[in-house]
Amino acid sequence: KFETLCTNGCTFSAWANSAVDGNAYIVGRWDNSLTGGNANEFFYLNINLQRDTVFFFDNDGNTTDSWSITYTAGDINLNQWYNYVGVWNPSTSQILLYRDGQLLSSASCLFSSITTGVGGWGDSESTFIGTVDDGNIRNEFNGAIDEVRFYNKIMNSTEILDVYNR
């Protein structure tokens, strides 16, 4: 249940192999289809047009206190498998982005809790693999995605490396 998934911190993980260069979502719970946007935007893992890796996280789904990390090395090779992991740690107010078991980047947030219930993580928003929905399905992932996992805990670097090495 997504309402309480991130109450004490959470981790999102997925394997992805992109066949085409482009802006594509690996996994996300994101829908800004309401007039004016900024509604029900919770998290996503994304590869953008420059082959950068992006992790976005929001405490209430309304982007009032949202944070994202863009790792801009541009070093993603097409037709190669990568393990992407995003972590939100409320005790340190940080989001962290890993690829293939290695920390790429972290960012400090201005929030240390999420909003539950209606108007927050309790909203009935869908979670998508390989796309997002903002009234129209868009930015579809062209390639393969495997082993998408959601953890209701803050995985540490050793656990994340273990996921990569399985």
Side-chain angles (χ1 to χ4, degrees), residues 1-18 23-32 40-48 50-76 80-117 120-123 125-132 139 141 143-166:
K1 183 174 177 182
F2 275 101
E3 179 173 5
T4 57
L5 175 71
C6 294
T7 303
N8 297 309
C10 53
T11 304
F12 309 97
S13 174
W15 284 88
N17 181 337
S18 183
N23 191 32
Y25 289 87
I26 299 166
V27 62
R29 188 171 182 227
W30 175 274
D31 177 357
N32 65 355
N40 296 324
E41 302 170 351
F42 297 97
F43 72 89
Y44 64 75
L45 286 167
N46 165 281
I47 301 170
N48 70 21
Q50 294 75 37
R51 296 189 190 168
D52 300 330
T53 308
V54 181
F55 175 52
F56 170 92
F57 189 84
D58 187 23
N59 70 328
D60 63 4
N62 295 308
T63 66
T64 51
D65 287 320
S66 62
W67 293 95
S68 66
I69 298 172
T70 301
Y71 181 72
T72 59
D75 60 350
I76 298 169
Q80 181 175 328
W81 283 100
Y82 294 98
N83 177 244
Y84 299 94
V85 176
V87 178
W88 178 61
N89 185 336
S91 63
T92 61
S93 296
Q94 285 190 311
I95 59 172
L96 302 100
L97 174 63
Y98 291 80
R99 187 177 67 218
D100 291 346
Q102 301 300 311
L103 179 65
L104 298 179
S105 187
S106 64
S108 295
C109 306
L110 294 178
F111 55 88
S112 59
S113 64
I114 62 165
T115 302
T116 57
W121 278 70
D123 282 355
E125 182 57 47
S126 297
T127 300
F128 291 89
I129 297 172
T131 191
V132 292
N139 297 86
F141 191 88
I145 298 172
D146 199 9
E147 296 184 40
V148 175
R149 296 178 184 205
F150 306 109
Y151 299 91
N152 64 346
K153 69 176 202 163
I154 305 157
M155 292 181 75
N156 62 41
S157 58
T158 302
E159 293 170 309
I160 291 167
L161 187 59
D162 287 345
V163 169
Y164 169 68
N165 286 324
R166 279 188 209 159

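The structure presented is a predicted model; accordingly, all values stated were derived computationally and were not measured. The residues of the chain are indexed from 1 along the displayed sequence.
Counted within 6.0 Å of CG on Asp146, heavy atoms from surrounding residues, nucleotides or ligands total more than 12; the atom is thus considered enclosed.
Ile145 and Gly130 get closest at one heavy-atom pair: CD1-CA, 3.6 Å. Contact record, Tyr71 with Leu97: CB-CD2, 4.0 Å, taken as the closest heavy-atom pair. Pairing each heavy atom of Pro90 with each of Asn8, the nearest pair is CG-C, 3.7 Å. Across all non-hydrogen atoms, the minimal contact from Val87 to Val85 is CG2-CG1, 3.9 Å. When all heavy atoms are compared, the tightest approach of Cys10 to Leu5 is CB-O, 3.9 Å.
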Checklist entry - Can Arg29 and Asp58 be said to form a salt bridge (charged side-chain N to carboxylate O under 4.0 Å, His left out), step by step? => result CA-CA 10 Å; Arg29 188 171 182 227; Asp58 187 23; over 6 Å; no

Next on the checklist: Working note: Tyr98 + Leu104, criterion side-chain contact (heavy atoms from CB on, under 4.5 Å); need CA distance, chi angles, decisive distance, verdict.
Outcome noted: CA-CA 5 Å; Tyr98 291 80; Leu104 298 179; 5.8 Å; no

Item to check | Residue pair Ser93, Ser112: steps toward the side-chain contact (heavy atoms from CB on, under 4.5 Å) verdict | outcome: CA-CA 5 Å; Ser93 296; Ser112 59; 3.4 Å; yes

Next on the checklist: For Tyr151 and Ser13: C-alpha separation, side-chain torsions, deciding distance, then whether side-chain contact (heavy atoms from CB on, under 4.5 Å) applies.
Outcome noted: CA-CA 8 Å; Tyr151 299 91; Ser13 174; 4.2 Å; yes

Checklist entry - So Ile95 and Cys109, side-chain contact (heavy atoms from CB on, under 4.5 Å) or not? Walk me through it. => result CA-CA 7 Å; Ile95 59 172; Cys109 306; 3.8 Å; yes

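From Tyr84, atom OH reaches atom CG of Leu45 across 9.5 Å, with rounding to the nearest 0.5 Å. For the atom pair CD1 (Ile69) and OG (Ser105), the distance works out to 5.0 Å, reported to the nearest 0.5 Å. Expressed to the nearest 0.5 Å, how far CG of Asn89 lies from CE of Met155 amounts to 13.5 Å. A distance of 11.0 Å separates CG in Asn156 from CG in Leu96, rounded to the nearest 0.5 Å. Considering CD of Gln102 and CD1 of Ile160, their distance stands at 10.5 Å, rounded to 0.5 Å.
Using cut-offs of 30° and 60° for the angle between ring planes, the Tyr25 and Tyr44 rings count as perpendicular. Ring planes of Trp81 and Trp15: perpendicular class, angle over 60° (limits at 30 and 60°).
Checking Phe43, Phe12, Phe42 one by one against Cys6, the side-chain contact (heavy atoms from CB on, under 4.5 Å) holds for a single residue, Phe12. Of the options Thr70, Asp52, Asn23, Thr53, a side-chain hydrogen bond (donor to acceptor under 3.5 Å, both in side chains) to Asn46 is made by Asn23 and by none of the others. Screening Phe57, Phe150, Phe56 against Trp88 for a ring-ring contact (aromatic ring centres under 6.0 Å, His included) leaves a single residue, Phe57.
Applying the salt bridge (Lys or Arg N to Asp or Glu O under 4.0 Å) rule to pairs touching residues 157-166 yields Lys153-Glu159, sequence neighbours excluded. The list of salt bridge (Lys or Arg N to Asp or Glu O under 4.0 Å) pairs with a residue in residues 81-94, not counting sequence neighbours, is empty.
Formation of a donor-acceptor pair under 3.5 Å by the Asn17 side chain with backbone atoms of Gln80 is found in this model.
Looking only at side-chain heavy atoms (C-beta outward), Asn83 and Val163 come within less than 4.5 Å of each other. The side-chain heavy atoms of Phe141 and Ser18, taken from C-beta on, include a pair separated by under 4.5 Å. Contact of the Ile76 side chain with the Ile47 side chain is registered, since non-hydrogen atoms from C-beta on lie closer than 4.5 Å.
With sequence neighbours excluded, no residue satisfies ring-ring contact (aromatic ring centres under 6.0 Å, His included) with Phe128.
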